[in-house]
Colleague: 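I'd like to ask some things about the structure below.
Computed from a predicted model, the values in this text were never measured in an experiment. Worth knowing before you read on, the calculation uses all heavy atoms, side chains too, and leaves out hydrogens, waters and symmetry mates. In what follows, every chain begins at residue 1, and chains take the letters A, B, ... in the order their sequences are listed.
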Amino acid sequence: MAQISIITKNTRMADVIHVNYLLLPVINRFGMSLGFGDKTVEQVCSDYNINVSFFLDIINTYHDSAYLPKEKMQEYPVKYIVDYLKETHRYYREKIIPEIEQLLSQLIKSCKTNCDNLNLIDQFYGKYKEDLLEHLANEEQKFFPYVLELSKKNNDDTNISQIRDKYNFSYDFHSHEHEGVLDKLFDLKNIIIKYLPPDYDRDIGNNLLSLLFVFERDIIDHERLEEVILIPALRKIESQLNQ
Amino acid sequence: MSKLVVISTPSYIIKKGLNAVIEEIEDVELIFLDNLSSVNHHLETLELKCVIIDQTLIEDNHERNLFFQLKKETVCIALTNDQKCLPGQKRFDYKINYDADKEKVVPILEQILQKKESPDKTTLLSERETDVLKLVALGFTNQQIAEKLFISKHTVISHRKNITSKLGIKTVSGLTVYAVLNNLIPKDQIQ
């Protein structure tokens, strides 16, 4: 299989998965399922009624950490991005978090002696989860509504700071929260790697750790998506409204 | 990070000369002593326990005794004028001849000065770092920790940076878990 650095509308969808199977959950979030046959990205997108340049921006951002969307390509509504991000949140809440918890509770059950360390790790996870859920809720209640309301305005009597205040949104707070969520996840992984008590079930431990690695990767990409696609789009809207 | 090297010789020319040579290699502070009588006192405060000693100095009985009392961990470099067997031959870790050229002198000094340049990331925390870690884990702020340990807030922050880089744990709650797992603080003391 040839290396694909950038996925284009003419790339076959099956090849996309061969090159990077971690993109599968991302593709699923667009409502797409396996069984692509030999269809290209463009054909699959049109089957599912998805804007192809939007799909390519998202998929390439995940696939290549150096990818930056070209400005002219950002000609889809910001609502698409917000909807996608909301879908990602749903995936974290309904899929990843329950899976982590299931593995963690299996792991605790598998421990026979000296399980204090595991209980501490469980407590640490509990705190992490609180932070994560709070961050997701903040995005849904402050950031996304702010973006959506702004994107609907088209006249110049809009008072941006008024809308910002209404949703209590600030860029600084937003990026600060991201950092905290990532740091805690990193620590959780590191504590598991370094301090798991010796008599746990190794398969369960490995599954949990792999899941945390995948999750971390997804959150990093999710954050980049906001940074390189949504926030530039938002700034553009803000500057147009200010003119 | 600056560290200090003790140079022990009565000779003004040698002191100045060594100062110039070492300055070219690395920015380290030097302490100059005329003899070894106060050497232990100085060594205690040093990050790099290294003494450069003029070998003629320890021909004197008193100085020789002090020399042999230096702790094993102290790196000793002899400044010597010759091939003839001088006292303390075996105790010296390195030897620099007065007439050695640059190619011989510089590599020896480089090896010693740069050996311990960066803090070893695999070693455990220092006592002070452990003190700071305990207080962080118990939920104290940098300001409170500074007051409790009688150090500046700036020092607390620099200790915390080192702790994070040594342990690979970034958040306060992660450090708390580390502290409990390693029995640094009792489990019932965390919120």
Colleague: Return the OH to CD1 distance between A:Y195 and B:I169, rounded to the nearest 0.5 Å.
Modeller: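 It comes to 5.5 Å.
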
Colleague: Hey, what do you get for CD1 (A:I191) to CG (B:L175), rounding to the nearest 0.5 Å?
Modeller: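 Here the rounded value is 8.0 Å.
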
Colleague: Do B:Y178 and A:N190 make a side-chain contact, defined as non-hydrogen atoms from C-beta onward lying under 4.5 Å apart?
Modeller: no

Colleague: Do any side-chain atoms of residues 14-23 of chain B form donor-acceptor pairs under 3.5 angstrom with protein atoms, and if so which ones, sequence neighbours left out?
Modeller:
residue, atom, partner, partner atom, Å
B:K15, NZ, B:D34, OD1, 2.7

Colleague: Do side-chain atoms of A:D183 reach the backbone of B:K170 as a donor and acceptor pair under 3.5 angstrom?
Modeller: no

Colleague: Within the side chain of A:K194, is there an N or O that forms a donor-acceptor pair under 3.5 Å with the backbone of B:L167?
Modeller: yes

Colleague: OG1 of B:T176 to NZ of A:K127: how many Å apart, nearest 0.5 Å?
Modeller: 6.0 Å

